> 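Submitted below is the structure of interest, expressed as structure tokens.
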Amino acid sequence: MHIDHFKETFQTITDQRQGAKVTYCLFEVLFGSLCAVIAGAKGWFDIREYILGHHDWFKNNNLFVSGIPADDTIARIISTIEPEQFHQCFINWMSSIHTLTEGQVIAIDGKTLRGSYNRQDRASTIHMISAYASSNKLVLGQLKTEQKSNEITAIPELIKMLDIKGALVTIDAMACQTKIAKTIVEQGGDYLLAVKSNQGKLREAIVKAFSFQRANNTDKSTIEQGHGRTECRQCYVIDSTHLVGDFSKWKGLKNIVMVENCRLEKGKPIELEYRYYISSKELSAEQAAIAVREHWGIESMHWVLDVSMSEDACQIYNAHGAENLSCLRHMSLNMLRAEPTKISIVGKQKRCMMNPSMLEAVLKAGFSRSVIN
């Protein structure tokens with residue numbers, strides 16, 4: 001059942017309560033909450049109802065033997081956990097059961113928990129930064145920032161917490177900063193960073209370097225059709241020595257990348273877009289195109305959190321409740337995706353809600369070792 005594995009991994013979390021007043025141990029409440037979120041629980045009341053509905057199963061595993069806490073008690077216990085400790089345990093857990101292969105794409109991006117603001121201050125909404133192994137659909141770690149603009153300072157902190165040796169880290173244009181590029185290289189990884197107007201001189205130099213490719217459309221294109229539109233994409237990669245100017249501050253810079261995207265949608269004019277990137281890894285055009293596409297897998301993960309787990313609709317905000325519940329959702333999503341049954345995430349959640357044997361299968365899959373390809 002891997003309950004002992006879970007307990008060992010998260011035992012370093014400090015219980016903030018006074019020992020004399022503790023009725024329910026931190027581990028069983030945390031584990032019970034994880035099981036409930038796996039089964040689709042959206043908040044504290046749902047968590048208690050799940051534990052209550054499967055109390056016999058929990059008691060058979062020596063959990064909640066003395067009874068079940070009220071939903072307010074569950075909220076108080078989970079909300080007092082220090083998020084830094086919780087996130088570090090989550091990252092350590094992922095590192096212990098998943099091994100990165102050389103060249104694996106790790107996408108980093110932020111997501112706002114829209115319902116997490118203090119009701120007296122809408123500006124207090126929590127923003128989370130996540131690292132995501134796109135090809136295996138696994139969240140590797142997360143970190144909170146106070147605002148979206150703080151991503152620039154939070155991303156290096158998250159990178160330092162992760163083992164990214166040999167990985168290719170992809171980030172959108174907001175994080176195209178020399179400090180972030182340097183941090184990635186010093187941690188043993190490579191970067192592929194989107195370049196927009198926030199790096200004006202660099203973007204101008206890249207646009208100029210690719211002027212020949214834009215004027216001479218000779219490479220093979222990738223054509224995709226679906227959802228009422230046709231898209232044609234081409235990717236070009238050239239050496240960074242083609243840049244005119246001094247860009248030595250970008251540590252390890254080797255390649256610049258241009259992706260040309262042409263979209264044709266019925267009833268609309270043709271859209272032509274050019275996107276530019278810098279990379280510390282020597283990439284072929286095919287490798288660069290794949291990495292750029294894989295980066296958008298993290299947006300798919302955010303969509304699943306909202307649609308399947310109702311993250312944006314969650315109104316929890318007191319203490320550390322929203323942040324810690326977000327971590328539980330990421331853990332649950334990893335486990336649900338690791339379970340091999342060919343049904344949707346929502347379908348697996350419903351089975352876990354009705355049948356503890358499905359929950360056991362999800363927990364087993366979540367704690368089994370695997371390789372991130």
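What you see is a predicted model; the values in this text were computed from it and never measured.
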> Assess whether side chain to side chain contact (heavy atoms under 4.5 Å, CB included) is satisfied between Leu328 and Leu30, documenting all intermediate values.
CA-CA 9 Å; Leu328 285 172; Leu30 187 56; 4.2 Å; yes
> In Å, rounded to the nearest 0.5 Å, how long is the span from OG1 of Thr145 to CD1 of Ile129?
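Answer for the OG1-CD1 pair, Thr145 versus Ile129, is 5.0 Å.
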> Nearest 0.5 Å please: distance from the CD atom of Glu8 over to the OG atom of Ser96.
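Taking CD in Glu8 and OG in Ser96, the distance rounds to 8.5 Å.
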> Ignoring hydrogens and geometry, is there a side-chain-to-backbone donor-acceptor pair from Asn61 to Leu63 under 3.5 Å?
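Not at all, since once roles are kept as given, no pair shorter than 3.5 Å links the two residues.
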> Using the ring of each side chain (for Trp, its six-membered ring), is Phe58 parallel, tilted or perpendicular to Tyr50, with breaks at 30° and 60°?
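Ring orientation of Phe58 relative to Tyr50: perpendicular.
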> Quick check against the 3.5 Å criterion: does Glu273 have a side-chain atom that pairs as donor or acceptor with the backbone of Asn261?
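Not at all, since once roles are kept as given, no pair shorter than 3.5 Å links the two residues.
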> Can Ile47 be reached from Leu52 by stepping across I, L, V, M, F, W or Y side chains whose heavy atoms are under 4.5 Å apart?
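In one cluster with Leu52: Ile47, yes.
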> Does Phe45 CZ have over 12 foreign heavy atoms under 6.0 Å away?
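12 or below, so no.
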> Would you give the length of the straight line joining atom CD1 of Ile159 to atom CD1 of Ile171, rounded to the nearest 0.5 angstrom?
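Nearest 0.5 Å value for the CD1-CD1 distance: 4.5 Å.
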> For residues 70-89, run the donor-acceptor check on the side chains, cut-off 3.5 Å, and write out each pair with its distance to 0.1 Å, sequence neighbours left out.
{"from": "Ser79", "atom 1": "OG", "to": "Ala75", "atom 2": "O", "distance (Å)": "2.6"}
{"from": "Thr80", "atom 1": "OG1", "to": "Arg76", "atom 2": "O", "distance (Å)": "3.1"}
{"from": "Thr80", "atom 1": "OG1", "to": "Ile77", "atom 2": "O", "distance (Å)": "2.9"}
{"from": "Gln85", "atom 1": "OE1", "to": "Thr14", "atom 2": "N", "distance (Å)": "2.9"}
{"from": "Gln85", "atom 1": "NE2", "to": "Thr14", "atom 2": "OG1", "distance (Å)": "3.1"}
{"from": "His87", "atom 1": "NE2", "to": "Glu323", "atom 2": "OE2", "distance (Å)": "3.0"}
{"from": "Gln88", "atom 1": "NE2", "to": "Asn92", "atom 2": "OD1", "distance (Å)": "3.0"}

> So how far is it from Phe367 CZ to Ile3 CD1, rounded to the nearest 0.5 Å?
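Those atoms lie 9.5 Å apart.
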> In a table with atom names and distances, give each donor-acceptor pair under 3.5 Å that connects a side chain of residues 176-185 to protein atoms at least two apart or in another chain.
{"from": "Gln177", "atom 1": "NE2", "to": "Met174", "atom 2": "O", "distance (Å)": "3.4"}
{"from": "Thr183", "atom 1": "OG1", "to": "Lys179", "atom 2": "O", "distance (Å)": "2.8"}

> Report the C-alpha separation of Met358 and Lys350 in whole Å, then their side-chain angles, then the decisive distance to 0.1 Å, and conclude whether the side chain to side chain contact (heavy atoms under 4.5 Å, CB included) test is met.
CA-CA 9 Å; Met358 182 62 179; Lys350 288 181 178 179; over 6 Å; no
> Among residues two or more places apart or on two chains, list those pairs meeting salt bridge (charged side-chain N to carboxylate O under 4.0 Å, His left out) that have a residue in residues 37-51.
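Sorted pair list comes back empty.
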> Is a donor on one side and an acceptor on the other found under 3.5 Å between the side chain of Ser33 and the backbone of Val29?
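Confirmed, Ser33 side chain pairs with Val29 backbone.
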> Membership question, hydrophobic clusters at under 4.5 Å side-chain separation (ILVMFWY): are Tyr236 and Ile290 in the same one?
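Different clusters: Ile290 never reaches Tyr236 through Ile, Leu, Val, Met, Phe, Trp or Tyr contacts under 4.5 Å.
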> Under a 4.5 Å side-chain heavy-atom rule over Ile, Leu, Val, Met, Phe, Trp and Tyr, are Val307 and Val304 clustered together?
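Same hydrophobic cluster.
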> Do Ile13 and Phe31 belong together in a cluster built from hydrophobic side chains that touch within less than 4.5 Å?
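Linked within one cluster.
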> Shortest non-hydrogen contact from Val362 to Cys352?
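That closest heavy-atom pairing would be CG2-SG, 3.7 Å.
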> Assess whether side chain to side chain contact (heavy atoms under 4.5 Å, CB included) is satisfied between Tyr276 and Phe210, documenting all intermediate values.
CA-CA 10 Å; Tyr276 301 98; Phe210 279 112; 4.2 Å; yes
> Rounded at 0.5 Å granularity, tell me how far OG in Ser310 sits from CG in Leu305.
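CG of Leu305 is found 10.5 Å from OG of Ser310.
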> Just wondering, do Ser130 and Tyr132 contact through their side chains at under 4.5 Å, heavy atoms?
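A side-chain contact is absent here, since even the closest heavy-atom pair is not under 4.5 Å.
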> Which residues satisfy the side-chain contact (heavy atoms from CB on, under 4.5 Å) test with Ala107, sequence neighbours excluded?
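Result, side-chain contact (heavy atoms from CB on, under 4.5 Å) vs Ala107: Ser134, Thr170, His295, Ile298.
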> Below 30° counts as parallel, above 60° as perpendicular, anything between as tilted: where do the rings of Phe10 and Trp93 land?
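Ring orientation, 0 to 90° scale: tilted.
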> If we only count heavy atoms from C-beta on, is the Glu294 to Leu168 side-chain gap below 4.5 Å?
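They are not in contact (no side-chain heavy atoms under 4.5 Å apart), so the answer is no.
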> Under 4.5 Å between any side-chain heavy atoms of Trp250 and Leu202, yes or no?
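Result yes, sub-4.5 Å side-chain heavy-atom pair found.
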> For Val37 and Gln349, which heavy atoms make the closest approach, and how far apart are they?
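Closest approach of Val37 to Gln349, heavy atoms only: O-NE2, 3.8 Å.
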> Working note: Met335 + Leu363, criterion side chain to side chain contact (heavy atoms under 4.5 Å, CB included); need CA distance, chi angles, decisive distance, verdict.
CA-CA 6 Å; Met335 290 180 159; Leu363 291 168; 4.0 Å; yes
> Please tell me if the side chains of Met309 and Ser332 come closer than 4.5 Å, counting only heavy atoms from C-beta onward.
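Touching, per the 4.5 Å side-chain cut-off.
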> Testing the basics here: between Met128 and Ser326, what is the closest heavy-atom pair and its distance to 0.1 Å?
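Nearest heavy atoms, Met128 then Ser326: CG-OG, 4.1 Å.
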> Suppose the criterion is side chain to side chain donor-acceptor pair (under 3.5 Å): which pairs have a residue in residues 190-203, not counting sequence neighbours?
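Counting only pairs at least two positions apart or across chains, the side chain to side chain donor-acceptor pair (under 3.5 Å) contacts touching residues 190-203 are Asp190-Ser280.
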> With side chains defined as the heavy atoms from C-beta onward, is the minimum distance between Ser135 and Gln104 less than 4.5 Å?
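Yes, at least one pair of side-chain atoms sits under 4.5 Å.
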> Is the closest side-chain heavy-atom distance between Asp239 and His242 below 4.5 Å?
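Yes, close enough: below the 4.5 Å cut-off.
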> Please give me the minimum heavy-atom distance between Tyr24 and Ile68, naming the atom from each residue.
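Of all heavy-atom pairs spanning Tyr24 and Ile68, the closest is OH-O, 3.5 Å.
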> Examine Ile108 and Trp303 and state if one hydrophobic cluster contains both, with Ile, Leu, Val, Met, Phe, Trp and Tyr joined whenever side-chain heavy atoms are less than 4.5 Å apart.
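The answer is yes; both residues are in one hydrophobic cluster.
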> Do any side-chain atoms of residues 339-348 form donor-acceptor pairs under 3.5 angstrom with protein atoms, and if so which ones, sequence neighbours left out?
{"from": "Glu339", "atom 1": "OE1", "to": "Thr341", "atom 2": "N", "distance (Å)": "2.9"}
{"from": "Glu339", "atom 1": "OE1", "to": "Thr341", "atom 2": "OG1", "distance (Å)": "2.8"}
{"from": "Glu339", "atom 1": "OE2", "to": "Thr341", "atom 2": "OG1", "distance (Å)": "2.8"}
{"from": "Ser344", "atom 1": "OG", "to": "Gly347", "atom 2": "N", "distance (Å)": "3.0"}
{"from": "Lys348", "atom 1": "NZ", "to": "Leu336", "atom 2": "O", "distance (Å)": "2.7"}
{"from": "Lys348", "atom 1": "NZ", "to": "Glu339", "atom 2": "O", "distance (Å)": "2.4"}
{"from": "Lys348", "atom 1": "NZ", "to": "Thr341", "atom 2": "O", "distance (Å)": "3.4"}

> Is the shortest heavy-atom distance from the side chain of His330 to the side chain of Met301 under 4.5 Å?
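Yes; the side chains approach each other to less than 4.5 Å.
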> Compare every heavy atom of Ala175 with every heavy atom of Ile155, then report the nearest pair and how far apart it is.
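Heavy atoms of Ile155 and Ala175 come nearest at CD1-CB, 3.5 Å.
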> CD of Glu299 to CG of Asp109: how many Å apart, nearest 0.5 Å?
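So the gap between those two atoms works out to 5.0 Å.
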> Are Lys111 and Asp312 packed together at the side-chain level, in the sense that at least one heavy-atom pair is separated by less than 4.5 angstrom?
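SC-SC contact between Lys111 and Asp312 confirmed.
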> Would the distance check show the side chain of Ser240 and the main-chain N or O of Lys254 forming a donor-acceptor pair, the cut-off being under 3.5 Å?
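The answer is yes, because a donor-acceptor pair under 3.5 Å joins these two groups.
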> Using every non-hydrogen atom in the two residues, find where Gln287 and Glu282 come nearest and quote the distance to one decimal.
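Where Gln287 meets Glu282 most closely, the heavy atoms are OE1-O, 4.0 Å.
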